[in-house]
Amino acid sequence: MGDERLLLNGKVAMITGASSGIGAAAARLFAAEGAAVVLVARRKERLDLLVEEIRADGGRAVAVRGDVASSDDVERAVATAVETFGTLDAAFNNAGYATAGTPLHEIDDEVYERTLDVNLRGVWNCLRHQVPVMLGSGAGGSVVNTSSVAGLRATGASAAYVAAKHAVIGLTRAAALDYGRRGVRVNALVVGSTRTEMMEEVLGVDPDLEEVFLAHSVQRRMSGPDEVAQAAAWLCSDRSSFVTGAAMAVDGGATAL
Ligand SMILES: NC(=O)c1ccc[n+]([C@@H]2O[C@H](COP(=O)([O-])OP(=O)(O)OC[C@H]3O[C@@H](n4cnc5c(N)ncnc54)[C@H](O)[C@@H]3O)[C@@H](O)[C@H]2O)c1
């Protein structure tokens, strides 16, 4: 059934933060590689356009408005995957929220809480609702959580984000241990500087950061969203069958420096 040469032929994949940037690139790529995609973000109008585009290209997609910080919203998205496409095989937990340019003692409690809620609790909520479906299906599954170079290294004036992205790697490793023998793989992506709306916002606050980010890459450039999505697609596919608990860098060499 389908085209077996495609990387994600016949899989059902949920992607959070799919309304822009890396998530939107992943939505297009996963669908082109044969997956039915469940797209989750808060901006439903954007998701609806993306779903239309994917369907026009012959793909299968459904949009769910949802905030990953809400367990109920994530539960609804997972239920939509099962109701619409029958199961859930893969998940790219990619929604994120970043602020920069503020030293630790000046970060508002509200910003701290929102940063932890979206980046960490969001992944937590996703794992807790996605994994039971994968365990119950008998087919196992693959989960990919978006961390960052900031998940392995500190970047200046963004302590809450650094803490949350470090925690995403810890959570990924813990989940990989819990489910390794039960057919569910869990990996993290260590994403380097990527040209997306989030990056534009950060550079809007402090344009001098562009030079800093370029210096972080041995290739002296930023990634495009599709370059990150390619790694997520491979990790979600059966071709990465012996990879679990990994923090895989897609960072232009930033963590080699
Ligand atoms: N752009 C970079 O340089 C960079 C570097 C390292 C890591 N990352 C990570 O990559 C991921 C994707 O970011 P991006 O660069 O594509 O930025 P982006 O702003 O284009 O995309 C982020 C997406 O997450 C969604 N989102 C934010 N809060 C949400 C919430 N509470 N619930 C559901 N969706 C929510 C946004 O609507 C958007 O679709 C994030 O986790 C980010 O931390 C980005």
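Ligands are counted one by one from 1 in listed order, and the atoms in each one are counted from 1 as well. The shown structure was predicted, so the numbers you read here are calculated from the model rather than taken from an experiment.
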Handout entry: Nearest-contact summary for atom 31 (N) of ligand 1 - protein heavy atom, Å
Key = Asp67 OD1, 2.7 Å

Handout entry: Pair Arg43-Ser19, side-chain donor/acceptor within less than 3.5 Å
Key = yes

Exercise for the section: Inspect the contact between Glu211 and Arg220 and indicate whether a charged nitrogen and a carboxylate oxygen are less than 4.0 angstrom apart. Expected result: yes

Fill in the blank from the handout: Nearest non-hydrogen protein atom to atom 5 (C) of ligand 1, with distance, is Gly192 O, 3.3 Å

Practice task
Give yes if a backbone or side-chain nitrogen or oxygen of Tyr97 is under 3.5 Å from a nitrogen or oxygen of ligand 1, and no if not.
Solution key: no

Practice task
Classify the side-chain pair His129/Ser71 by whether it contains a donor and acceptor separated by less than 3.5 Å.
Solution key: yes

Handout entry: Test item: Lys11 and Glu33 side chains (from C-beta on) under 4.5 Å apart, heavy atoms
Key = no

Exercise for the section: Using non-hydrogen atoms of the residue, decide whether Thr16 is closer than 4.0 angstrom to ligand 1. Expected result: no

Exercise for the section: Please round to the nearest 0.5 Å and tell me the distance separating atom CZ of Phe242 and atom CZ of Arg185. Expected result: 11.0 Å

Practice task
Say whether Asn125 and Glu75, considering side chains only, have a donor N or O and an acceptor N or O under 3.5 Å apart.
Solution key: no

Handout entry: Numbering as shown, the atoms of ligand 1 that approach Ser193 to under 4.0 Å (heavy-atom distance)
Key = 3 (O)

Handout entry: Shortest protein heavy-atom distance from atom 21 (O) of ligand 1, along with the residue and atom involved
Key = Ser20 OG, 3.3 Å

Fill in the blank from the handout: Quick look: Met222 vs ligand 1, heavy-atom contacts under 4.0 Å, and the answer is neither

Problem - Beyond-backbone contact of Val191 with Asp251, side-chain heavy atoms, under 4.5 angstrom - result: no

Problem - For Glu197, atoms of ligand 1 separated by under 4.0 Å from a heavy atom - result: 20 (O)

Fill in the blank from the handout: re atom 32 (N) of ligand 1, the protein heavy-atom contact at minimum distance is Val68 N, 3.0 Å

Handout entry: Phe92 CZ to Leu189 CG distance, which is reported to the nearest 0.5 Å
Key = 5.5 Å

Exercise for the section: Say whether Lys165, considering both its backbone and side-chain N or O atoms, lies within less than 3.5 Å of an N or O atom on ligand 1. Expected result: yes

Completion exercise
Note: ligand 1 atoms sitting under 4.0 Å from heavy atoms of Arg43 are 36 (C), 37 (O), 38 (C), 39 (O)

Exercise for the section: Return yes when Glu200 approaches ligand 1 closer than 4.0 angstrom through a heavy atom, no otherwise. Expected result: no

Problem - Those atoms of ligand 1 less than 4.0 Å from some heavy atom in Ser147 - result: 7 (C)

Fill in the blank from the handout: closest protein heavy atom to atom 24 (O) of ligand 1 is Gly17 CA, 3.4 Å

Handout entry: Subset of ligand 1 atoms that lie under 4.0 Å from at least one heavy atom of Gly21
Key = 16 (O), 20 (O)

Problem - Between Thr115 and Asn119, a side-chain donor and acceptor under 3.5 Å - result: no

Exercise for the section: Can you sort out which atoms of ligand 1 are near Met199, meaning under 4.0 Å from one of its heavy atoms? Expected result: 3 (O)

Completion exercise
Note: heavy atom closest to atom 2 (C) of ligand 1, options Leu47, Thr194, Val123, belongs to Thr194

Practice task
Would you check if Asp117 and Tyr97 make a side-chain contact, meaning some heavy-atom pair closer than 4.5 Å?
Solution key: no

Exercise for the section: Output the list of atoms in ligand 1 that are nearer than 4.0 Å to some heavy atom of Gly66, sorted by atom number. Expected result: 32 (N), 33 (C)

Practice task
Report yes or no: do Thr172 and Asn145 form a side-chain donor-acceptor pair below 3.5 Å?
Solution key: yes

Practice task
Give yes or no for whether the N/O distance cutoff of 3.5 Å, strictly under, is met between Val40 and ligand 1.
Solution key: no

Handout entry: For atom 9 (C) of ligand 1, closest protein heavy-atom neighbour
Key = Thr146 CG2, 3.6 Å

Practice task
List the closest protein heavy-atom neighbour of atom 12 (C) of ligand 1: residue, atom name, distance to the nearest 0.1 Å.
Solution key: Asn94 OD1, 3.3 Å

Handout entry: Student check: side-chain heavy atoms of Thr146 and Val168 closer than 4.5 Å
Key = no

Practice task
Check ligand 1 against Val191 and write out every atom of the ligand that is under 4.0 Å from a heavy-atom position of the residue.
Solution key: 5 (C), 6 (C), 7 (C)

Exercise for the section: Kindly say whether Arg5 contributes a backbone atom to a donor-acceptor pair with the side chain of Asp3 at under 3.5 angstrom? Expected result: yes

Fill in the blank from the handout: When distances are taken from atom 8 (N) of ligand 1, the protein heavy atom at minimum range is Tyr161 OH, 3.6 Å

Under 3.5 Å, sequence neighbours excluded: what are the donor-acceptor pairs made by side chains of residues 57-65?
residue, atom, partner, partner atom, Å
Arg65, NH1, Arg42, O, 3.3

Problem - Region of Phe213 that comes within reach of ligand 1 [heavy atoms, distance under 4.0 Å] - result: neither

